[in-house]
K.L.:
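One structure is given below, represented as structure tokens, and several questions about it will come after.
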Amino acid sequence: MPGTVIVGTQWGDEGKGRFTDYLAKESELVVRYQGGHNAGHTIVVDGEVFALQLVPSGVLYDWVTPVIANGVVVDPAVLIDEIDMLCRKGVDATRVRLSGNAHLIMPYHQELDRVTERYLGKNKLGTTKRGIGPAYADKAARVGIRVQDLLDPKIFRAKLELALREKNGVLAKVYNRLPLDANEICERYLAMLPRLEPMIADTVHLVHEALDAGQRVLFEGAQATYLDLDHGTYPFVTSSNPIAGGVCTGAGVGPGAVDRVIGVTKAYTTRVGAGPFPTELFEGDAVGDLLVERGHEFGTNTGRRRRPGWLDAVMLRHAVRLNGCTEIAMTKLDVLAPLTELKVCVAYEDDDGARYEHVPYHQSVLHKVRPVYETLPGWGGEIDDAARVEDLPAAARDYVRFVEEIARVPVSFVSVGPGREQTVVLPRAA
Ligand code: IMP
């Protein structure tokens, strides 16, 4: 049975975790295929909040095997802390399987992430400073250290010393920082091996065995389409490929292994960090402030205030193409409740009057365009207890229908609150 991919269609923080959680219930395997602990999923179960960064959301179901595949970059201390946190809350997270081919985030990656951001000054990317970019850079430069290297302490030390020779040179000579100590890092990382070893597995084999056995496999994207290294708003992107195609390299499956791609779309837009954002509502804008406040738009991970804006259907249409979305899951529709008017960006215009109905490939253009909005009526009342589509006010249903028409794929789910049960399943997906 082919697998399902769940992917954000905006700049992240669409609320993918809650749908992953929802779909994980029907899955045997939930697989993270890219990113690292720059992600942050919040899942609320019976009022208890689970904030996950690295462990796949499916961990909360005891029949699910959560898999951290080869495409992920892993800070082992973060993984162990997360597993301990889950165990304290009564979730047996030792079921997690970790690819031996996944790359390790090392202390120098985090240090370099911090200092390079500082060095970039006003041109900084606004990274999460978790060492993600430097870890992927080392992977591509073929000087990365993989999880499997921990299994052979001699190899681990040799690779670490080799890497540190260059990193310490850069840290000291370019950034005027103190060198890092190989002994200290070696000891710290190898001390974690007894905790990690039982989890290390051939995850490609695991995924294929599950697919061959007709089990349901859910591939959980972190970050989102417009943070994709190739297709996002480069350079204001992350260093991996969150789009559905990333599943092939990040988990080791062919394109035929996927037949359902769910694009998670927030009913409005947010982004953290720098970069172009055509529908942005700047700080002080009453609607923008309302979206941030009602939507609790502060990073799970970094606490940063997210930049808010109206829904951008131009970007959504393009995201549907890039991912081959078969459907959309819309989140946080409830946040829009008090607004009397809702805007959706349906095209862009530049100063010369040129109109764009697709995302312009030249980023200088994207920086300068103005959104062309279509205005829809709001519904002016809370919807957080809606359980079925008929419980939604007509204007809320019209908003969903408008998005379907413009994205050219059906909306299968709508979320109306943070709780697991606050999900409206649209009839055609039933
Ligand atoms: P990095 O992934 O830490 O290198 O950060 C690169 C860009 O991706 C920055 O703009 C971050 O704010 C953004 N980013 C990374 N992870 C997430 C996420 O999970 N949600 C939203 N933005 C993210």
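Please read all numbers here as calculations on a predicted model, not as lab measurements. All values below come from the heavy atoms of this structure, side chains included, with hydrogens, waters and symmetry mates left out. Counting starts at 1 for both ligands and their atoms, in listed order. Starting from 1, each residue takes its place in the sequence as its number.
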K.L.:
In terms of atom number and element, which parts of ligand 1 are under 4.0 angstrom from non-hydrogen atoms of Ala39?
P.N.:
19 (O)

K.L.:
Hey, mind stepping through Phe277 and Trp11 against ring pair (Phe, Tyr, Trp, His ring centres under 6.0 Å) and telling me if it holds?
P.N.:
CA-CA 10 Å; Phe277 183 174; Trp11 280 291; 5.0 Å; yes

K.L.:
Going by the side-chain contact (heavy atoms from CB on, under 4.5 Å) test, name the single residue among Thr203, Val31, Leu98, Val73 that passes it with Ile68.
P.N.:
Leu98

K.L.:
N/O to N/O below 3.5 Å, does that happen between Gly126 and ligand 1?
P.N.:
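By distance alone, the answer is yes.
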
K.L.:
If the cut-off is 4.0 Å to any non-hydrogen atom of Gly273, which atoms of ligand 1 fall inside it?
P.N.:
10 (O)

K.L.:
Looking at non-hydrogen atoms alone, which of Thr238, Asn38, Leu227 comes nearest to atom 14 (N) of ligand 1?
P.N.:
Leu227

K.L.:
If we ignore angles and hydrogens, is there a donor and acceptor under 3.5 Å between the side chains of Asp13 and Thr270?
P.N.:
no

K.L.:
Where the side chain of Asp285 meets the backbone of Phe282, is there a donor-acceptor pair that is under 3.5 Å apart?
P.N.:
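Looks like no, no N/O pair under 3.5 Å.
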
K.L.:
Go through ligand 1 atom by atom and flag the ones less than 4.0 Å from a non-hydrogen atom of Asp13.
P.N.:
20 (N), 21 (C)

K.L.:
With respect to Thr127, determine whether any N or O atom, backbone or side chain, lies less than 3.5 Å from an N or O atom of ligand 1.
P.N.:
no

K.L.:
Determine, using heavy atoms of Gln223 and all atoms of ligand 1, whether some pair is separated by less than 4.0 Å.
P.N.:
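Yes; Gln223 lies near enough to ligand 1 that a heavy-atom distance drops under 4.0 Å.
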
K.L.:
Which part of Trp11 is near ligand 1, with near meaning a heavy atom under 4.0 Å away: side chain, backbone, both or neither?
P.N.:
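For Trp11, the contact with ligand 1 is made by the backbone alone.
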
K.L.:
Quick one: which of Val73, Val237, Leu125 has a heavy atom closest to atom 6 (C) of ligand 1?
P.N.:
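Nearest option to atom 6 (C) of ligand 1, by heavy atoms: Val237.
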
K.L.:
Are more than 12 heavy atoms from other residues, nucleotides or ligands located less than 6.0 Å from atom CD of Glu293?
P.N.:
no

K.L.:
Should we count NZ of Lys129 as having more than 12 external heavy atoms under 6.0 Å?
P.N.:
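Counting other residues, nucleotides and ligands, NZ of Lys129 stays at 12 neighbours or fewer.
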
K.L.:
Between the side chain of Thr225 and the main-chain N/O of Gly8, is any donor-acceptor distance below 3.5 Å?
P.N.:
yes

K.L.:
May I ask you to check if ligand 1 and Thr128 share an N or O to N or O distance below 3.5 Å?
P.N.:
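In this structure, Thr128 places an N or O atom under 3.5 Å from an N or O of ligand 1.
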
K.L.:
Using a 3.5 Å distance criterion without hydrogens, assess whether the side chain of Asp113 forms a donor-acceptor pair with backbone atoms of Gly131.
P.N.:
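Answer holds: yes.
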
K.L.:
Does the residue Ala222 have a heavy-atom contact with ligand 1, meaning some pair of atoms that are separated by less than 4.0 Å?
P.N.:
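Ala222 does not count as a contact of ligand 1 under the 4.0 Å cut-off.
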
K.L.:
For ligand 1, indicate whether the residue Val272 contacts it via side chain, backbone, both or neither (heavy-atom separation under 4.0 Å).
P.N.:
both

K.L.:
Report, as yes or no, whether the 6.0 Å neighbourhood of atom CG on Asn176 holds more than 12 heavy atoms from other residues, nucleotides or ligands.
P.N.:
no

K.L.:
Side chain or backbone of Arg304 under 4.0 Å from ligand 1, or both, or neither, by non-hydrogen atoms?
P.N.:
side chain

K.L.:
Could you tell me whether some N/O pair between Asp113 and ligand 1 is separated by less than 3.5 angstrom?
P.N.:
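No, Asp113 has no N/O under 3.5 Å of an N/O on ligand 1.
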
